[in-house]
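Comments concern the structure below.
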Amino acid sequence: MGFFMGNLKHKCFRWPQENETEILHNRTRNPCYIRETENYYYLEGERYALLCGNRSDASQCPEGYACIKAGMNPDNGYTNFDNFGWALLALFRLVMQDYPEALYHQILYASGKIYMIFFIIISFWFAFYMASLFLGILAMSYEEEKRTAAEKTKKIGTEFQHTLLQEENEAAEAKTTQIEMKKRSPTSMITSLDMLDDATIRHEEEHKKSQKTCPLCWYKFAKIFLIWNCSPCWVKLKEFVHVIMMHPFTDLFLTICIILNIYFLAMECYPMSAATSNVLNIGNLVFIGIFTTEMIFKIIAMHPYGYFQVGWNIYDSIIVFLGLAELFLANIHGLNVFRLFRVLRIFKLGKYWPTFEILKLTLIKSLVALSDLILLLFTFLFFSAVVGTRLLGLYYKAYVYNLDKDCQLPRWHMMDFFHSFLNVFRILCGEWIETLWDCFDIAGQVSCVPFYMMVILIGNFLIFYLFLALVSSFSSCNAATHAESEEAKNLQRAMARIKKGICYVLSKILCKRLNVPKDTVDNVNVKENISDHTLSELSNTEDALKDKGKSSGTEKTTVTENESQSLIPSPSASETVPIASGESDIENLDNKEIQSKSGYGSSKEKVKPSSSSECSTVDIAISEEEEMIHEHEKPKHLKNSNERRSSPGQISRESKRGKIWRNIRKTCCKIVENSFFKCFIGLVTLLSTVALAFEDIYINQRKTIKILLEYADMIFTYIFILEMLLKWVAYGFKAYFTNGWHRLDFMVVIVFCLNLIGKSQELKLLMSIKFLRALRVLSQFERMKVVVRALMKTTLPALNVFLVCLMIWLAYSIIGVNLFAGTFYECIDPTSGERFPTYEVSNGSECASLVFNESMPWENAKLNFDNVGNGFLSLLQVATFNGWITIMNSAVDSTGVNMQPDFEANIYMYCYFIGFIIIGLFLPLTMLVGVILANFNKHKIKQGGSNIFITEKQEKQYLALKKLMYEDSRKTIPRPGNKFQRFIFDLVTSQAFNIIIMVLICFQAITLMIQSDEQSRQMDTAVLWLQLLFVVLYTGECVLKLIAFRCNYFTSGWNILDFIVVIFSITGLLLPLIGEYYLVPPSVLQLVVLSRIVHILRPGKGPKVFHDLLLPLVLFLPALLNISLLIFLVMFIYAIFGMYNFAYVKKEAGINDVSNFETFGSSMLCLFQVTIFAGWDGMLNAIFNSKWSDCDPDKINPGTQVRGDCGNPIVGIIYFVSYILLAWLIIVNMYIALIMEFVNIGSKKRAKTLSEDDFRKFFQVWKRFDPDGTQYIDSSKLSDFAAALDAPLFMAKPNKGQLVAMDLPMAVGDRIHCLDILLAFTKRVVGKDVRMEKLLSEMESGFILANPFKITYEPITTTLKRKQEAISATIIQRAYKSYRLRQSDKKTSDIDMIDDDREAQATKEDA
């Protein structure tokens, strides 16, 4: 609100010219003049006036127009930041990702491109955190509910087993009793007991019969009519057919037929030639015949009873029945719907696909288990649709003129139940802002906002809960528990036999070729000079020597082939080249390949340890060169029939040359392993990558920069070639090319070389691959390597599941082709851009014959279902909810092939898209996320529970962040000795003072919230005085703390923040007074002042709930930084590619003055939109302009030799689809990592375990009760101390009885030691166990080591003994008091008796 208040009212207003100054000057005195819309500047095809701004990076007005604040806000005044309510709605829209690209462009037009930072923070990071927070809390709740249900089920199961066992024991005892009674009883009794047994048996049989699904007569019927064993001939035929149908190659043949059928189904398109249509029809008949034959043969082989016992056989029979029904009913009009059922044949492939089978069974079980939740969700949809119809439907009827001048209802209304249901479904899909604006126009904000918020919040809650439940089911699915089907096993057997046969044939052929006479080998001339040997031969020799060392027992490691080809280093692999042990990347060698070459070296080599390289991980043999020379000289000696040996001088020369070569390799190894060399290469890599950003459309106008970039490219190329050569020499070819990161570097070097060749030969194709240079950044920075490895670990195993999801999309794409192929064409009026009504134009022929000045265009929609490829692209837009409304409108309006569309003529086609969103998007998404989550958890467990997206160094940062979040970072400030300062110190450190400051911060936030654009002067004055009051109060707080804390005030980061806020607050008040109002923008000052609200997140000060919610995000920051770097690199590479290919595309749809590919900054703006899946349909729509009617291929672009403004649709589709998939994979893993952080923290809180953080909190509380560090507290404070601790060590009051029962040792003065309390509290939480006893002993020893100078103590008693002593003393005291009372009473009575006697005697004497 502070940044954009009133900015969206700035428009380009026609400025008066010299000849009309007087007239317009008079008109401008009238405030109504600035509201005249005809004086605003409009872009072509736009509904609202062009927004502008006064900043240099904002949109500028054309000549003759000035940027003036006038008129209303965009979208009928509903999109603005003029007050807190509208600003909150706009931010909620950004967080919910509903049409954010429109607001994105409006803000950048009006305020400047610098505010892209605001959108990155809000639209990406804040939205990511809020979604993760919501999902994390739901996940914790779901896991807790699941755990409670499991415990309850386990308890019930245990009780049931106990009851069952008890009943069995009772039954056995009863049976024994009956037997004994039979032996001892007369005949009549035996008869009654037998009758009792018969009754029991009948009862059991009746119980078994009641459990049967069918009556007994049906089983008899099935045995007679459905099991065919009528004659021996038939049985033999059945056995023969059974052998054929169960043969592995039969299943292979059927699988090939299914794949071919899928291919035939995918070939359907519009327009399609008669020959192609004929081939497809014949193919359909062939496949129906094959599947019918399969069904018949399987029925013969398995009997009808056995055949229909298998689910897949029932599915096959349904497909055959539908195929035959299609053939018989093909010529009947209106029954072409049977053609759609062909798509079911695709899923026959699942019978041979174990992954599909597992996912299907898991999905069925999950849906059955979650049936109540699904029913609740659909009930809520029904309820919301009914409420919308009753609450808002009448408004649409009464006030429709506010929406359309012709009083025609919009597509999305709530007049009837079906449209209301569609509207609610659209809201739950995340598209609600446009329908909300319509609702505002007809019903007002009071009626619409509550309804929409109810649907959004409750509906999304139910959807997310269902999503998490399904993801949990798929992530916990264990493939090992599912038995593989016989068909899948047969397919594997068939493939194994084929592979075995191919290997056998190849081995026979190769063996014949390898059987060469030895004489031909002897005739080979080999050079004697060792320096002529290649690096690969030397590397192979060293490999052989290393392998020999391994076989002798010095080192045993195994590496799989997959690891050797992966970018993921294997810690178990070993090196075979002279390289330092610190090089962690060169770790992937194929031991099988090494072993195959182990015969190259001699078996009698001697090793000299001292001769090994300083940076080598292996020892180099002394006789390496001599052995190589001997092997290469041997053929020459055989040829000359001379057995003379080489002279000692020759061997010496060769040995010297080998040492020189070894020294060269050592030197190269030292260079490439040097940290300065690595830093230099990293710097050069960054410079070469950044240089790509300067090559935009203005590069030809900047001659100096262009020349510098050309020379820089040459220098970069030579540097990287030199680095590659050094690594070749240091590591050897084999080690270099078996490492994935080095292969990537080699590819980048090739790209550099091709770029130089392309520049010299002016080959644009070779120059266009320059963007691949940025890939080298991946191999240079460990943080990106870690993320890439983690992504490969989590996503590559999910490839099979991705193919299953792709199969579902293929089915929907084929259905779309059958429903909508050729129906999206329409006749457009070129003057208005509107579609002709059907009463004027009904088909394409009438459109072509309708001539005014030229023939009317019969245009097809750019996104359509004319073929499977276009269908996939359209479904992708529906899946990302970009452009899906346009696609659905075209489908709903379609009337037929070559027919003019009509408004909602085919309205029930909405069901196709609803079905796709549920079955083709929601369910596959849960499958993919579930499998990725399972892989994430598996690899996280392998790494010991640490985050797989951070490096080892960042592990330390993670622990430091954890420590920072769990403890208050304030240093203990000593209480001042001065009485006045001591009073101020007590005041500012009191809880009441902290609460007052929090309340002031909240009141200041409310003060900013009540401001609005164009508010009254009285409101401005009131806000100014309130700001002055807050400044005075904050300044007073700062002064008081400076008095109390003195120099220690600046030792706390929170105090420094408060001091900065005070300085900025005073500056914000003084700047307008001195006339420098715009030196610092007021919005920045307000933001800094409002930053004090972060105090509520302060550990120990603000509410604990905020701290708990922020904790997972803070702990995730190292991983978030790494993933963000990878996302930025991907965006950078695609932005460069976009600049090279789409820089001159015509500006329309999603490509405009803000979002385009002309410069690097604009390209990044476009890629950011695509990253949040917003607006990419409009960009692709502009790139689709490749025809003369849509663009000009000969257009001259000033300042460059490039001509035309057309796009390349194929390149554009590959560009956007690949980027969306990559971004989705990275973002999904980012969500999973943060949500699992939430779940892990929640599970640790629930578990009966203690972490380092719990102990840290314990000692923080201890400091408050023991400020002098004596390690003791008085026993009287123990109760308060236990109540001040955090869970799980916390003990609520009254707790004295529990503390006494702990029997804590006590020292002199009734003091208790810190360690004794900690051990006792820990034992209370974790219980008694052998492992816990060991942990407690380790804690005690660790405490003693950490406190070597602790005060020694001798316990003289315990809390239990002291309590017993106190009770005993109390008893004794009470007994003594009772005794004293009795004695005093006795004395009193004696005295009274004596007095009475005396009185009696005195009376007698008187008498």
Side-chain angles (χ1 to χ4, degrees), residues 218-219 221-265 279-330 338-339 341-354 356-357 360-361 483-501 807 811:
W218 284 107
Y219 287 98
F221 174 82
K223 188 174 181 181
I224 295 171
F225 295 100
L226 300 180
I227 298 178
W228 300 343
N229 288 323
C230 51
S231 66
C233 296
W234 178 263
V235 172
K236 289 183 180 179
L237 176 64
K238 185 194 73 170
E239 292 176 353
F240 175 73
V241 174
H242 187 274
V243 170
I244 293 175
M245 296 307 297
M246 300 304 162
H247 196 275
F249 282 98
T250 302
D251 285 312
L252 178 62
F253 171 74
L254 292 173
T255 305
I256 294 172
C257 290
I258 295 170
I259 295 172
L260 288 175
N261 194 6
I262 294 172
Y263 177 72
F264 271 62
L265 291 173
V279 169
L280 294 181
N281 289 331
I282 294 172
N284 181 48
L285 294 175
V286 170
F287 291 124
I288 289 177
I290 291 172
F291 297 145
T292 305
T293 305
E294 176 201 5
M295 184 187 75
I296 294 171
F297 280 6
K298 281 192 174 180
I299 289 175
I300 294 172
M302 302 172 63
H303 305 301
Y305 182 80
Y307 179 82
F308 289 103
Q309 291 291 317
V310 181
W312 280 113
N313 292 340
I314 298 173
Y315 184 79
D316 293 343
S317 63
I318 293 173
I319 289 175
V320 171
F321 171 76
L322 292 173
L324 295 175
E326 179 197 346
L327 291 180
F328 289 113
L329 304 175
F338 282 97
R339 185 182 180 89
F341 292 113
R342 292 184 187 180
V343 79
L344 295 176
R345 302 174 194 172
I346 296 174
F347 300 104
K348 281 174 64 71
L349 200 62
K351 179 166 49 175
Y352 307 95
W353 199 349
F356 183 89
E357 185 74 16
K360 182 197 71 173
L361 294 175
E484 200 170 357
S485 65
E486 191 62 32
E487 289 84 357
K489 292 179 181 177
N490 276 345
L491 187 62
Q492 293 174 5
R493 294 187 191 109
M495 296 303 295
R497 292 182 185 180
I498 293 173
K499 185 177 179 181
K500 184 178 179 181
M807 188 172 70

Min side-chain heavy-atom separation Phe341-Ile318 under 4.5 Å: no

Arg345: partners by side-chain hydrogen bond (donor to acceptor under 3.5 Å, both in side chains), with sequence neighbours left out: Asn284

Note, Leu285 side chain near Leu327 side chain (heavy atom, < 4.5 Å): yes

Sequence neighbours excluded - salt bridge (charged side-chain N to carboxylate O under 4.0 Å, His left out) pairs with any residue from residues 285-314: Glu294-Lys298, Glu294-Lys348, Glu294-Lys351

Contacts of type ring-ring contact (aromatic ring centres under 6.0 Å, His included), residue Phe297, not counting sequence neighbours: none

Note, Asp316 side chain near Tyr307 side chain (heavy atom, < 4.5 Å): yes

Results of side-chain hydrogen bond (donor to acceptor under 3.5 Å, both in side chains) for Glu486 - residues two or more places apart only: Arg493

Heavy-atom pair with the smallest gap, counting every atom of Phe264 and Val279: CE2-O, 3.9 Å

Phe356: ring-ring contact (aromatic ring centres under 6.0 Å, His included) partners, not counting sequence neighbours: none

With Gln492 via side-chain hydrogen bond (donor to acceptor under 3.5 Å, both in side chains) - residues at least two apart: Glu484

Distance, nearest 0.5 Å, that separates NZ of Lys238 from CD1 of Ile299: 14.0 Å

Distance-only check: which donor-acceptor pairs under 3.5 Å involve side-chain atoms of residues 241-258, not counting sequence neighbours?
from, atom 1, to, atom 2, distance (Å)
His247, ND1, Phe249, N, 3.1
Thr250, OG1, Ile244, O, 2.5
Asp251, OD2, Asn490, ND2, 2.8
Thr255, OG1, Asp251, O, 2.7

Residues forming a ring-ring contact (aromatic ring centres under 6.0 Å, His included) with Phe291, sequence neighbours excluded: none

Counterpart residues, side-chain hydrogen bond (donor to acceptor under 3.5 Å, both in side chains), relative to Glu487 (two or more places apart): none

Sequence neighbours excluded, every pair satisfying salt bridge (charged side-chain N to carboxylate O under 4.0 Å, His left out) that has a member inside residues 318-330: Glu326-Arg342

For Lys360, all residues meeting salt bridge (charged side-chain N to carboxylate O under 4.0 Å, His left out), sequence neighbours excluded: Glu357

Qualifying salt bridge (charged side-chain N to carboxylate O under 4.0 Å, His left out) pairs with a residue from residues 302-311, counting only residues at least two apart or across chains: none

